[in-house]
Structure formats: structure tokens, C-alpha cells
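Working notes, beginning with the structure itself.
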Amino acid sequence: MSFDLLAEPIRRYVRDQRWETLRPIQAAAIQHILASDDNFILASRTASGKTEAAFLPILSKVDFRQPGVRVLYVSPLIALINDQFQRVEELCKYLDVRVTKWHGEASRTAKKQLIQHPEGIVLITPESLEAMFVNAPYSVKTLFSQLQYVVVDEIHSFLGTDRGTQLQSLLARLGAVPAGRFAVVGLSATIGDYAEAKRFTGDAARTKVLLDRTGRVMLTQFRYFPATGADLPLDLLKDLYKQTATSKALIFPNSRGLAELIAVKLGQIAGRVGGHANYFSHHSSVDKEVREYVEHFAKHNQRQPFCIACTSTLELGIDIGSVDKVVQVNAAHSIASLIQRVGRSGRRDGEPSQLLLYATDPWSLLQSLACWLLYQEGFVEPLRQARHPYDLLLHQALSITKERGGLPRAELLRQLQANAAFPDIAAPEINDILDELLRLDWLESLGPELIIGVAGEFVVNSRAFYSVFQTEPAYKVVHAGNTVGEIPYSPQVQENENLLLAARIWKIRFVDLAARRIEVVPAHDGKKPLFFGGAGAVHPRIREKMLHLLVADSQYAELDAPSQEALRGLRQEFAGFAWPAQLTHERPVIVKDQHLVLYTFTGTKINRSLAFLLQCLDVEAPYDESTSSFSLCLAPTRLPDLFEQLRLFADDVEFHLTQAVTATPALLDFAKWSASLPLPQQVAVLKERYYDFGGASAFLRDTVRLLSQQESV
DNA sequence: ATATCGCGCCTGCATG
């Protein structure tokens, strides 16, 4: 059916691929994209042929004999562009259509040629598109005045992020370039809020979602090995070795340091017992060429088993083939992340893949179990774009002014107001931001126009202008002229210290502080590398599920005996409460000798907000995110009073936030362009994106019953 | 050292 709708050369391509049938998402996309010029979100799991689902109908539909770039593909990763280039180019051979990579590492000659003869398909990153608007606005017009389709790959990775808002704004600006409109096709994993995904295209009313919910069949097992220190228990590593020794496995331990530790330790065990030598690590601090080697090894080795200990670098769609075991060490921070990781598995022979979930403490086990159950239930964290991204508006105001070489203030205001990325920011607020930019000399008035100011020239002409995220300076780790990777500066960076990187052990021979370069030689024993970073935000729904699991007496066959024992032990601690049959807004309080412990069982942002409010009230209350709990020196009977007081603060927290931002500007480090905003907008950014005072207020209002029990001795 | 991760880049000039 769908197949017959395709253009003849595309049908030939499909036949040559020897696919037995089109995938459901492909069949649906072909029918819908060929039938209308609407925007679409194609949502289905990893490796379900989404790229082809978009390109088969688009290539059938678009007339490439006309001049100009007709299709623009936007990707969050250079590596993905390079991957997709091969696939799309292969497909385009059947049509004689040119495909051009356009990113910072792509050939400049190819870019120049494209400017001379704009045609075909361009694959680009958001930052390169930003750079093109800023540095070569005439090229934007030359290239894209005939644009018919924009394909956004891995659109879920942009949802709820600053980079997503930037991309939305760039698409809005791009929308003014062609005479007609272009349609947007977003490719996505299953996500939590499709209304939000539709908004992302800039025209929710004209966007339809095509969704294939087919998941993976996985054999799941929870395994429990209690840890005493910060490192992983030896028994866990031995068990992990046994479980993965003859498999193709991906291991996700949530941090770069632990990924190194696992890769090295498993490699050492393998060396002792005569196992294979294919133990790798893969994360942002491993040198790019090393990572590419690992990806290539995984993709092209049909027979040999391997183990890659990795971070979210292997969550997105880079093609590494499929693996037969996915291992999660301690709970993933989100269900969205767990979905992506599970999606990496899948065996051709029809055998189900295996998911191993290790835990090293009872709370992590509980969180892991909660995530896994929510995943089974089909829950994914809903993500919202910030409604008041003043910092990104500031960045785009500079970008547009540079693009236009100056423009009337009223026109800049109008353009920002009309931009779909900023629908909830009103004109007076935009004017406040423009005034602040004038005051900083980042903008300047010249007659009726605004132009880039003297100080602003340094900003918009610096390399850092094109991105909306910060990166810390890193030290390059070099062995015998070869780059191994890079690490941040830490107390560990000293001569004769040993560290792990790229799945090997090194001794630091020499540190060149000026050149940010660390010379290393191989060694036999070392520590995992140190990295900085705040904790990831856990969604309230996960914590609520944890509470439900704690109160229930449900058993799960997927838990091994030690896991069952750990869960039983944790349930025991909370067994004395008189839980109602229907658990809604009750929360436990454990009363100890000198203090009480309040378990909020809510999300990170709400906990963070509660901690801030307690600080405002000068209440000493150390807070532990892994157990979602606060310690208070207070009689339990005083808690309702305290909640009432906190609520009053929550409803009017601006004053305290203003004080906090003034005293500690580093609070806004998470938002690169916020430092140059007027103070009220800085406070607004902090309030909307770092905290959740609305959620905190609702928590304080709704948590009507605090059940308490004396600690059993 | 309480504690996740990840993403990007222009221009000019030298060298092979």
C-alpha cells in the first residue's frame, strides 16, 4: 500500500534494501506526509527506521530539479550527522540529489560549493545554523529561499532544554526566509507530553503525531550488592563480569568516573581468567577518535563479545548495531533515559534481550524498581519548554541585530514578540532587556536603529556566541603524542597521581598548567577520574512510586534474593505507620531522639525549593536527595505550623531569590546568557528553571497527613 | 571531594 505511493526511484531503493516489509512508523509516515503539508512528529523506539520514515516520502514528494536547498535536516550531534549522511546519501544516489554536511568539522570546500550552487539536502547542527545567521545572513537567503522540509532528528533531546528554545527560535527566523512555508518533521523516541512536542514545531494546530508504541521485550533481573564506600563492591564487579563475559553489553553506571572504574576492573578480571580483551569506556571525556574506534568496533564485530561502560553518549541514535545485554548500575535518573538505554538492545534471532539492574543500596534499588515499573506502565516524564526564557531571548536579540546589521528597535521588538520560542514574554519585558543591553553597551542606538555596541562586538564575534550552554575548561590527557581524552582540573591533577581514562590506567608524568595539558604513561593501578556536576533532577512521579512500593507488600519475580531482602529491610523501617488503604498525600515522619526525619517522596526541584524556603526561615534542615528527606530538630506536632509558614514564603519568594542571586551570582551558572539580564529577569529564570515553587506550594498545601512513628530500636 | 551527563563553533594562516 504505502510502498506503491513512493516515487519509482525510491521504490527501487526499498527493493534493493531487501526489506521484507515497511515498519509501521514508515508506512504511516509515507501515507500522511505524501497526503498533506502538515508538520509531523514521528515517535517510535530506537532503530525502528525513523530516518527512512521521514526521508522516503519527503524524497518522493520534493522536486529537487528546482534550485535551492529543499530539505534541511537538523541534528543535536555531529556524530549523528556523519552517520545519517551515509544513509541519506545512499538513498539519494537513486535520485541524483546532493547531500551536504554543514557543521564545524565538515569540509569548508563543500560548504563553499553549496553556496555557489544551492541544491539538495543539508545536514546541520543548531549552532551552525546560528552561526550562519550571524556571520553570513546572505547565505541563509541564498540557500534556503526554496526550503520545503525541515527534519529535526532526536527532537526529544531538545524538549525542555535551552538548546531546544534556541532551535525553536532559529526555526522561527528561518520561517521568514522562503516565500512559502516549510513543513517540519520531528523524529522522536516515545515522550511524555505530545502536546508540548507539537508546540515545538512552532504551529501546534498544524502538527500531527504518528506514534508506534511497540516496545522491547526484555528479560529483566534486579541484582543487589551492598556497597560500603564510594566505589563499587568487588562482588558486584565479579558478578557483572560473569553476566557479561560472553555477551555484547552496554553498561550504564550514571557517571564517567564509574564507567572508567568498571571498564578497567572488568578488563583486569578478564585478563586474569583468560576472557576477551574488548573492554571499553565511552563518554564525553574520552577522546573523540577513541570513541569512534569503539563505535566502529561495536558496529562491525559480528562474532566477538564486547563490553562498553558508558554514559548518555550512547543513548542517542549513533549507530553501534544492537547489543544483547543492557546493564544499569544503580537507578537511572529518568525514565526517558532508561527507555533510550533499553532501546539499544535487540537481537536479530528473536531471542529477547536482557536488562540487568544492579543496585548498591536499598534506596537506589527502590528508585530503580520504581523507574522500571513506570516504564512498564508507559509513563515518561513530561517536559515543558521554559515559558519565560529571558536569557535566550537576550541571546536571540543580539543574534538578530547582528544578522540584520542593525534594525529599528520597533522591528526587533516585533520580531521577538512574533517568535514562537517566546510566546509568553510581553513587550514591556522585552523592552527592559533591550534597555539593559543598551546600558551594557552590548547594543547601541544609531539614529533610528539599534546596532551591536562596542562591548557587544566582542560578545557576538567570539566563538562562544553560537551555543547556549557553558563548558568548563578541560585538560588534555596525552600519552606519547596521542590524546587519550580530557579531564577537568581537580586535586587529582598532580604529578605521580594515577588515574583511569579510556579504559586504561595512567600515571601523570607532567602537568602543563598554561597549555592545559597532562602527560601520562601507562600504569598498573589507579583511581577513577574526578568530575564535577550537580545531581540530576528526579521527577516527582518516580518518588511517589517509590513510596507506594514501600507501603505495598507486592513481590517481584525479577528481584534476586538479596534484592528482595533489601526491599524487605527498607519496608520494615516504614512498617509502623498506619497507612490508609488509598495512599494520596500522606508522607512519613520518623521521630528519633534529638530530631525527626521528614520523607517528602517528591521530585528534586520541589525538594530544592523546600530547602530554599527552610533556609529563608532560618530553619536548620539538612536534606538528602537520594532518600528525599529532611532532618529537623523539631517536635512532630509543630510540622503543620512550619508547613503553613513555608507556604507563605513560597507564594512570595521573589524577595529572597533576589537576595540570593545578588549574594551568589553563581546560582545562575546553569543559564549562560542570564548574567546580563536585568535583575528581575535573572530571578525569574532561577525561579522557573532551577526551582519549582509552585510544586513546593502544592506539596505544602496537599500533604495533609504527616504520619509519624518513633524509631524502632 | 556531597553530587549526572551532554551538546556546539568562526576565521585566518601554515603545512602536506
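In what follows, chains carry the letters A, B, and so on, assigned in the order in which the sequence lines appear, proteins first and then strands, with residues in each chain numbered from 1. Quantities reported herein were computed from a predicted structural model and do not represent experimental measurements.
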Whole Å only: how far is the CD atom of A:Gln340 from the P atom of B:dC5?
18 Å

Between B:dA3 atom C1' and A:Gln367 atom CD, what is the distance in whole Å?
14 Å

Between A:Arg541 and A:Glu544, does at least one N-O distance fall below 4.0 Å, as a salt bridge requires?
no

Please confirm whether any donor atom in the side chain of A:Arg108 sits under 3.5 Å from an acceptor in the base of B:dG12, or the reverse.
yes

Base, sugar-phosphate or nothing for A:Leu316? Non-hydrogen atoms, less than 4.0 Å.
nothing

Can the positive tip of A:Arg689 be found less than 6.0 Å from the middle of the six-membered ring of A:Phe670, inside 45° of the ring normal?
no

Measure from CD on A:Gln470 to P on B:dC5 and round the result to the nearest Å.
17 Å

If I take atom CD in residue A:Glu154 and atom C1' in nucleotide B:dG6, what distance separates them, rounded to the nearest angstrom?
13 Å

Distance check: side-chain N/O of A:Thr125 vs OP1/OP2 of B:dG8, anything under 4.0 Å?
no

Map A:Tyr466 and A:Arg163 onto DNA chain B by nearest heavy atom, then report which one ends up closer to the 5' terminus.
A:Arg163

Look at all strands and tell whether A:Arg291 reaches a base, only sugar-phosphate, or nothing, counting heavy atoms closer than 4.0 Å.
sugar-phosphate

Using a heavy-atom cut-off of under 4.0 Å over every strand shown, decide if A:Gly104 touches base, sugar-phosphate, or nothing.
sugar-phosphate

If you check every side-chain atom of A:His283, which of B:dG8, B:dT4, B:dG6 has the closest atom?
B:dG6

Mind checking whether A:Phe630 and A:Tyr623 have parallel, tilted or perpendicular rings, split at 30° and 60°?
parallel

It should be established whether A:Thr311 places a side-chain nitrogen or oxygen under 4.0 Å from OP1 or OP2 of nucleotide B:dG6.
yes

If I take atom CZ in residue A:Phe532 and atom C1' in nucleotide B:dA3, what distance separates them, rounded to the nearest angstrom?
11 Å

What is the separation between atom CD on A:Gln494 and atom P on B:dA1, rounded to the nearest whole Å?
11 Å

Polar pair under 3.5 Å, donor/acceptor by atom type, side chain A:Thr471, base B:dG6
no

Calculate the interatomic distance between A:Phe158 atom CZ and B:dC5 atom C1'; express it in whole Å.
16 Å

Heavy-atom nearest nucleotide on DNA chain B taken for A:Thr313 and for A:Ser462; more 5' hit belongs to A:Thr313

Closest to the A:Leu77 side chain: B:dG8, B:dT4, B:dC7?
B:dC7

May I ask you to decide if the ring planes of A:Trp363 and A:Tyr599 are parallel, tilted or perpendicular, using 30° and 60° as cut-offs?
parallel

Side chain of A:Asn135 only, please: which of B:dG8, B:dC7, B:dT11 is the nearest?
B:dT11

Consider the side chain of A:His333, meaning its heavy atoms from C-beta on, and name the nucleotide among B:dC5, B:dC7, B:dT4 that approaches it most closely.
B:dT4

Please determine whether a side-chain nitrogen or oxygen atom of A:Ser284 lies at a distance below 4.0 Å from atom OP1 or OP2 of B:dC5.
no

Would you please indicate if the ring centroids of A:Phe465 and A:Trp673 are separated by under 6.0 Å?
yes

Short question: side chain of A:Lys507, backbone of A:Leu499 - any donor-acceptor pair under 3.5 Å?
no

A:Phe531-B:dT4 aromatic stacking (under 5.5 Å, under 30°)
no

Provide, to the nearest angstrom, the distance between the CD1 atom belonging to A:Ile81 and the P atom belonging to B:dG8.
9 Å

Among B:dC7, B:dG8, B:dA1, which nucleotide sits nearest the side chain of A:Pro491?
B:dA1

